[in-house]
Structure formats: structure tokens, C-alpha cells
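Each chain gets a letter, A, B and so on, in the order its sequence line appears, and its residues count up from 1. Please read all numbers here as calculations on a predicted model, not as lab measurements.
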Amino acid sequence: MPTASAIRQVIEAALVERIPSALTPAPRIIRPVSPTGIPAIDEVLSGGLPVGAITELIGPECSGRTGLALSFLAQVTVVGKVCAWVDVSDCMQPESAAAIGVDLSRLLWVRCGVINPVQQPASRFELPKKCFVPPPVTKGLHGGGFGPHPRTEANGLSEAIPELFFGPRCAEPQRRVRSAKAATAPSQLHVGVRKAIAQARPWARMEQALRATDLLLQAGGFSAIVLDMGSIAPEYAARVPLATWFRYRAAAERSQASILLLTQHACTKSSAGLVLRFDAGTALCDETTVFTGTRYSVAVDRERFAPASANVVPMRKPPQGVRAAEWRSRAAWAGGR
Amino acid sequence: MAEPCCLGRWKMTNPALLYACVLAKEFPAQVMLRLRPELWEKPFVVMDGEPPLEEACSYNAKARLLGIERGMTRVEVETFPSATVLVRSRAEEAAARSVLLECAGTFSPRVEDQSVDDTFCCVIDIAGTESLFGPPSVLARQIRERVRALGITASVAVSSNFHAAVCLARGHPGKVTVIQPGNERAALELLPLTVLDLSEDHAQTFSLWGIRTLGMLAELPEKALISRMGQEGKCLRELARGEMQHLFIPVEPAFSLEERMELDSSVELLDSLLFVICVMLDQLLLRAAARSLALASVTITLLLDGGGSHTRTVRPALPSNDRHLWLKLLHLDLEAHPPQAAILAITLLAEPGRKSKAQLGLFSPQLPEPARLDVTLARIRAIVGEDCVGRAVLKDSHQPDAFRVEPFTVHSGAAESKLTQVRPRPAMRQLRPPESVTVALHDNRPASFSFRSKQYGVESAYGPWRINGDWWSPTLWGVQQWDVVARAQDGTFLCGCLVHQVATGTWQMEALYD
């Protein structure tokens with residue numbers, strides 16, 4: 001009486017050329033995921049965003065990418081891990097992050113291309129300086145001088161005469177003579193402004209961000225790194241070499257960090273472990289007086305490590321699961337409805 | 001029965017005296033060589049005095065073999081082309097002296113400084129330290145090794161008589177000498193009279209008498225010597241016999257981790273400066289490690305050409321004794337904040353701290369390594385700017401952008417806040433600086449606006465929400481905020497926060513809901 005295992009071996013040996021290991025269940029690799037905190041998305045992704053891989057969040061502005069990324073960071077920081085937000089456009093609002101639940105003490109914020117990192121003091125009400133300078137007392141007819149005595153009448157006349165005769169006396173446009181210093185040497189302010197403008201260029205900011213991300217990945221220990229290029233135009237984001245994303249993918253796998261990339265256009269191609277495409281949201285109109293929130297929708301574009309159902313390719317196309325999700329984000333002031 | 005008790009009391013009140021004398025000859029030259037390892041194999045002379053009347057005051061053995069002598073003028077010294085000539089630095093000598101005293105203080109709290117102009121000499125009261133450091137010979141070798149690690153070659157002599165220890169250290173340069181109590185006279189008798197600080201008259205007198213060694217001086221009859229030389233003669237005889245008593249006056253060396261170095265020529269390149277800093281840092285780390293401490297912060301002060309100074313302080317998250325880490329942090333900091341002129345002198349002042357100990361849990365989350373994170377943050381700071389890396393801390397204010405950025409540190413403890421809300425909240429993307437928009441109003445409400453060269457029609461506008469400055473402070477801002485939901489003709493959806501500046505009457509897009 002042959003045993004079940006012996007029969008299985010005989011059948012597999014007979015089918016080995018057509019269906020390799022037909023009756024042996026495929027080894028299942030359980031890949032760790034981290035929840036996003038949004039139940040609808042977690043359900044679609046079977047638990048959350050992959051750990052040790054790049055997740056690309058693609059979508060236009062006002063499509064919910066930032067909200068999802070911050071919600072994910074809130075879930076990561078609440079268990080005591082540390083994260084980093086590499087802000088290419090200096091767009092993150094700490095108040096908003098704190099409201100979503102991110103522990104700001106565990107979030108490293110790298111601001112790229114900051115023109116003036118020092119907080120500008122708000123305008124102070126001050127009287128202009130000219131108010132404190134007493135107006136010059138005009139003496140005489142042309143500012144020259146005269147006195148109570150005829151002897152002092154001609155005092156200051158020599159200074160008054162050139163202004164009277166050689167100054168502009170008509171409405172014609174006068175040619176402005178620039179001083180030699182102003183014409184040749186650029187002022188310090190001018191140099192500072194030029195430097196700030198150079199720093200504000202998208203490619204300069206992106207280069208800073210990419211280098212900073214590289215360093216963070218090398219340092220290790222960050223459980224999630226968000227590279228926020230959400231406000232960068234696609235023509236700039238697409239210029240990042242694919243080798244960069246490949247390097248990030250390898251580093252993320254090594255350090256078990258989740259890299260979230262916020263873009264408007266797909267950049268990482270095959271290096272991405274998961275690609276989520278966001279559609280433009282629609283506003284919730286629950287109240288007439290206050291803004292209450294937005295309804296967002298997201299679809300899974302690509303999932304590198306999608307669980308395979310079986311190692312036998314069925315003849316019919318199996319039923320496809322729902323690969324899209326919708327959720328509503330309600331403002332804190334909108335109440336509990 | 002009473003005798004042992006009396007003996008014990010006598011022993012407790014009058015413990016056996018034991019002194020160790022540490023003596024470093026040619027101290028000015030040794031101090032200069034201490035932080036300049038490249039000169040160790042070369043003839044080297046230190047000149048003292050005001051130019052042009054400088055004289056050679058100290059030199060190393062190689063210079064002595066060349067024929068250089070004390071008191072030579074600069075012109076005479078320059079006839080030896082292979083000799084390196086440096087100017088004496090009193091500040092460096094003072095720093096090295098305090099380092100040596102502090103080193104001596106690690107063996108006993110009672111240390112007396114007996115230094116003279118060009119010789120460092122300190123005497124350590126080592127009575128009762130046998131249980132800690134072993135027998136006196138072992139202790140003496142330990143002292144010499146510790147001093148040698150600091151870059152100074154010294155002789156160490158141990159004796160129960162204070163002055164005998166000093167004389168022996170002078171008489172046996174570079175060696176360790178230990179004499180048993182009671183053998184002082186025998187140990188001293190072969191030493192020349194130069195080990196005593198004789199005045200010229202006394203030296204001439206003894207020379208006329210034919211007295212050349214301490215043994216010969218000790219043999220002289222006491223009364224006859226006093227009748228000829230007075231009480232000084234008696235003191236000299238007691239010194240030669242090893243019987244001179246001494247009132248020990250201990251100094252209290254302050255523990256300060258400071259190293260100073262005056263450069264031979266002004267330095268402009270950061271890389272060459274780092275070679276010097278590396279040697280100084282080694283010394284600081286060695287001294288801190290001798291007390292089981294680590295460096296918590298290092299302040300570097302550069303004396304610049306023209307009289308100015310440039311001070312920078314580096315403070316990592318945790319105290320560390322890792323030389324590479326400190327060097328990298330100082331390098332990155334000086335690279336980000338370079339001095340504005342050539343450098344003439346360097347002072348490193350370190351603050352000691354306890355060595356960091358962290359007990360990691362088996363299930364605790366993976367966190368960045370503090371030392372590595374410090375270097376990473378310094379590197380990122382060099383890329384993006386000084387104030388652009390850190391953690392955000394919110395201010396208690398309604399002012400826009402009411403936050404400050406503080407240095408990022410990793411807390412290994414549990415998270416402070418508990419995530420209670422499960423509902424997704426809308427996030428805002430702040431536009432810094434706010435972008436100007438052209439708004440068309442209808443019934444004093446935004447009806448359409450032009451943003452980023454695109455025309456948007458407003459579907460819903462909520463507001464205005466007015467915010468202004470605190471009435472108790474002179475800071476003034478007054479704005480009206482509108483939450484707008486808008487759609488462009490091509491269907492682009494926009495949901496943002498429009499701001500109307502009351503003072504200027506301008507409209508700006510401040511943030512976008514995302």
C-alpha cells in the first residue's frame with residue numbers, strides 16, 4: 001500500500017516537465033508591513049505599506065498624499081521608532097503633522113532650499129525714522145539765509161545759488177548718474193539674493209534632498225524616510241537617475257526602512273515596491289460655514305511582492321480583488337459626524 | 001599589653017613617609033616636542049628672550065650632540081643648519097605643567113610643585129598607596145609610563161626623605177630609582193654637588209676644598225662647617241646626608257581638559273590644521289580616559305592673524321572617547337564655519353562627561369546609533385544649512401509658522417504621546433513663501449482667482465477667519481483666512497487656504513490641503 005507522500009512523488013515526477021512540483025505548496029514568504037492608520041488602505045494592501053522597500057505615492061496636489069504619509073509616520077512614531085522627512089520644497093507644516101498624531105520629537109525634518117530659515121519677525125508698528133528727524137528750518141527765500149540785520153542777509157547765499165541755477169528746473173526726464181561704486185561692485189544684499197535664488201531652484205533643492213536621503217540611509221536606524229517631492233514638477237523629478245532609486249531600494253532593504261516617495265509623476269519605475277496612484281479629491285460639503293474635509297481615492301498601480309495564489313497557472317482568469325480604496329479625511333474642527 | 005597599643009597609635013599618628021619625585025629636564029624643549037611628533041627625530045632648540053637678544057634655553061639630545069649649548073645666540077644656533085629653532089612658549093609650558101600635575105594627582109591627592117624655570121619637578125606623597133598601586137618600584141614605573149604617554153620623558157625617584165627623592169631624580173635623569181628607608185645617605189654619596197641648588201660662592205668654596213660629591217660633603221664635621229658657612233652649611237650637609245626635613249605644602253591641581261598650541265607659522269588650510277588638532281585631541285582623550293571619563297563637548301578657539309579669535313563648540317548627543325568621531329565632527333564644523341583669517345594658535349577646551357551606557361532591550365525598536373547620527377546630521381547640516389535640520393517644536397501662538405527647529409536627539413524610551421485618534425485628518429502643505437494670487441470678489445467673498453497662471457473658479461469659500469497679533473506685544477499681524485475649494489477649467493481640483501493681508505490688501509495662497 002503506497003503512502004500518500006509516495007503517490008504525490010510519483011505524480012510530481014510524471015508531471016515535472018509540464019508542471020514542476022505540482023502538488024507541493026509554494027513556499028510563502030511573509031513580508032513585513034507597517035499599517036498606515038487608514039483602515040481602507042490597510043485593507044487593500046493587506047496590512048499596510050511594505051517595510052524595507054520604496055513606496056511611491058503619485059498624484060496631483062490636493063490628492064491626499066501628504067495626509068497618508070503623515071498618518072503612516074504617526075503609526076511608526078507611536079511605537080517609539082524614529083522617522084525622517086526630507087522636505088524638498090519646505091512644505092511640511094508641523095502643526096498639521098502634530099494634529100494627525102506624529103510625535104514631532106521622533107521626526108527628523110530636513111528642509112531643503114530654505115531661503116531664509118530664520119523666522120522673519122512679524123511687522124512691528126513703528127513710526128518711520130523721518131518722523132523723528134526735525135525738518136530743516138528754511139531760512140530765506142531759497143534756503144540761503146538772512147537775518148534780522150541787513151549785515152547777515154547774504155549769509156549762505158553761496159550755497160543757495162548752485163541749487164538755484166544748476167539743479168533741475170524743468171519737467172524733462174533727467175539722466176540719472178550712477179555712482180562708480182554702485183555700477184561696479186555688487187552690494188552684499190545683491191549677492192545674498194542671488195545665492196538664495198540659486199538655492200531655490202528645483203534641481204538644487206532636489207540634489208540636496210537626494211544627498212541627505214543617501215546619508216540617512218547609510219546612517220541606518222530610521223524606520224521610515226519620506227522624500228517629499230510632491231510640489232516638484234514632473235520634468236524635474238523625472239531627471240533623477242534610475243540608479244539613485246535602485247541604490248535607495250538596496251539601502252532600504254538592508255536597513256529595513258520604509259521609503260515613501262511623494263511625487264506627481266512616477267519616477268522610480270522598477271525600484272518601487274509599491275506604487276499608489278492618487279486621484280484628485282472632492283470636498284465634503286457637510287457644513288455650510290466651515291470646511292469639513294475631503295474625500296480621497298487611491299488605486300494600487302504596482303505591487304512588487306503581491307502574494308501569489310498558487311504555483312499552478314489556472315486556465316481561467318481568477319477573480320480580481322479590489323485594488324482601490326476611498327477614504328474621507330475630516331478636519332478636527334468639523335466634529336464627529 | 002600597653003606597648004602594642006602605643007605602637008599602633010604611634011603608627012596611626014605618624015605613618016611612614018614616602019615620596020616620589022617626578023622630574024623632567026629640558027622642559028621647554030619637551031613641551032614643544034610633545035605636540036609636534038614630526039620633530040622627534042631632529043635636532044631641536046628652543047630660544048628664549050626678546051629678539052634680537054635671544055638665547056638657547058633648552059634643546060634635545062640630538063642638538064646637544066651637534067654641539068649646541070645653553071646660552072648660544074640665534075646667530076650661533078643658525079650655524080647648525082640641521083637644527084630646528086622654535087621660540088619658547090610660556091603658555092604651552094603652563095598647560096603642560098598643569099597636565100603633569102593633574103597626572104600626578106591621579107596617584108595621590110598630595111602633590112607639591114617644585115618646578116623651576118626650565119625643569120618640571122613635582123613630589124607626590126605616596127605613603128599608604130601600596131594597597132592601591134603595589135610596591136613603590138611598581139608605582140614609580142607606572143608614574144613614568146603615564147608621564148611618557150603624555151609626551152614627556154621624566155625621571156622618578158622614591159625615597160622616604162623629600163629632598164633625597166629630589167636629589168636622586170636630578171642625579172639619575174630618565175631613570176626610576178627606589179631607595180629603602182634609611183639608605184638615603186648611601187644612595188646619595190656618589191651624586192655630584194650639582195644636584196644641590198648651590199650658590200656660586202658655595203660652589204666655588206667646595207671646589208677649593210676639593211668636595212665634589214654629596215658623600216664627601218656629608219663626611220664634613222658639622223660644627224666646623226657651621227663656623228665657616230653658617231646655617232646654610234648645616235642645611236647643605238643635611239641635604240647631602242638625606243636627613244633634611246621638609247614641610248609638605250600640597251597644591252590642588254584643578255582638573256581642566258585644556259590643550260594649547262602656538263603654531264610656528266600661520267596656517268590657512270583646514271586639512272593641515274586637523275593634523276595639529278588630532279595630536280591635541282589624543283592628549284585630551286588620554287587624560288579623560290585616565291579618570292574614566294569621556295569628552296562631552298569640545299570648544300576650539302583659534303587665535304587669528306590680526307588679533308581676532310574664532311570659537312566653535314561641538315557637542316555630540318552622548319559623551320564619547322572616539323577619536324575619529326571627534327575629529328570628523330570638528331572637521332565638519334570648521335568646514336561649515338571657516339575662520340576668516342590665518343590661524344596663529346589653537347586652544348582646545350573639553351568638558352568631561354560620564355561615559356554613556358545604554359541598556360538596549362531585545363524587543364526595543366531599531367534606533368540610529370547616536371555617534372553615527374551626530375556625524376550624519378553634521379554632514380546634512382553642511383548640505384542644507386545650519387538651521388534646516390532638526391526636530392520641529394511648536395510654539396504657543398496662532399502666528400503663521402509658529403515653530404522652531406531644535407537639534408535632533410534620539411530618545412530610547414517609550415513614546416510620549418499615545419495615538420488616540422483613528423480618523424484620518426487632512427494635512428496641509430505650507431507654501432513658503434506664500435504665493436501671490438489675484439482674486440476676484442463677489443459679495444466680498446472670493447469668486448475666482450488666478451494661481452500659478454491658471455484660473456480657478458471657487459466652488460465653496462469658508463470664512464473669513466480673522467487672526468491678528470497678541471495685543472500685549474508690539475508684534476502686529478492681521479490677516480483674514482479663507483478655506484477655498486476651487487476647480488480650474490481643465491478640472492484641476494484645488495483646496496487651499498487663501499490669506500488676505502489686511503494691512504497691505506494683498507491676497508496670497510498660504511497652504512494647500514493635501
**Request:** Flag the pair A:Arg106 and A:Asp103 as a salt bridge only when some basic side-chain nitrogen lies within less than 4.0 angstrom of an acidic carboxylate oxygen.
**Result:**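 A:Asp103 and A:Arg106: salt-bridged.
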In terms of heavy-atom proximity below 4.5 Å to chain B, should [X] be classed as side chain, backbone, both, or neither?
{"X": "A:Phe278", "value": "neither"}
{"X": "A:Thr282", "value": "both"}
{"X": "A:Leu68", "value": "neither"}

**Item:** For B:Asp322, all residues meeting salt bridge (Lys or Arg N to Asp or Glu O under 4.0 Å), sequence neighbours excluded
**Value:** none
**Request:** Against chain A, label B:Val393 side chain, backbone, both or neither, depending on which of its atoms sit under 4.5 Å from a heavy atom there.
**Result:** neither
**Item:** Selection residues 452-461 of chain B - residue pairs positive for salt bridge (charged side-chain N to carboxylate O under 4.0 Å, His left out), sequence neighbours left out
**Value:**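 Every salt bridge (charged side-chain N to carboxylate O under 4.0 Å, His left out) pair that includes a residue of residues 452-461 of chain B, provided the two are not neighbours, is A:Glu61-B:Arg452, B:Glu435-B:Arg452, B:Lys454-B:Asp490, B:Glu459-B:Arg487.
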**Asked** Please, which pairs that meet salt bridge (charged side-chain N to carboxylate O under 4.0 Å, His left out) have at least one residue in residues 366-375 of chain B, sequence neighbours excluded?
**Response**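 Output for this query is empty, none listed.
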**Request:** Anything under 30° is parallel, anything over 60° is perpendicular, the rest tilted; go ahead and classify A:Trp109 against B:Phe403.
**Result:** tilted
**Message:** Out of A:Ala209, A:Gly59, A:Ser231, A:Ala280, return the one with the most heavy atom pairs under 4.5 angstrom to chain B.
**Reply:**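 So the answer, after comparing A:Ala209, A:Gly59, A:Ser231, A:Ala280, is A:Ser231.
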**Message:** Counting heavy-atom pairs closer than 4.5 Å to chain B, which one of A:Leu107, A:Thr294, A:Val290 comes out on top?
**Reply:** A:Val290
**Asked** chain A: which of B:Glu386, B:Arg391, B:Gln430, B:Gln366 shares the most heavy-atom pairs with it under 4.5 Å?
**Response** B:Gln430
**Asked** B:Leu494, B:Ile380, B:Asp483: which one forms the most heavy-atom pairs within less than 4.5 Å of chain A?
**Response**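 That would be B:Ile380.
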**Message:** Side chains of A:Thr66 and B:Asp514: any donor to acceptor distance under 3.5 Å?
**Reply:** yes
**Prompt:** Heavy atoms under 4.5 Å from chain B: which residues of residues 255-262 of chain A carry them?
**Reply:** A:Ser255, A:Leu262
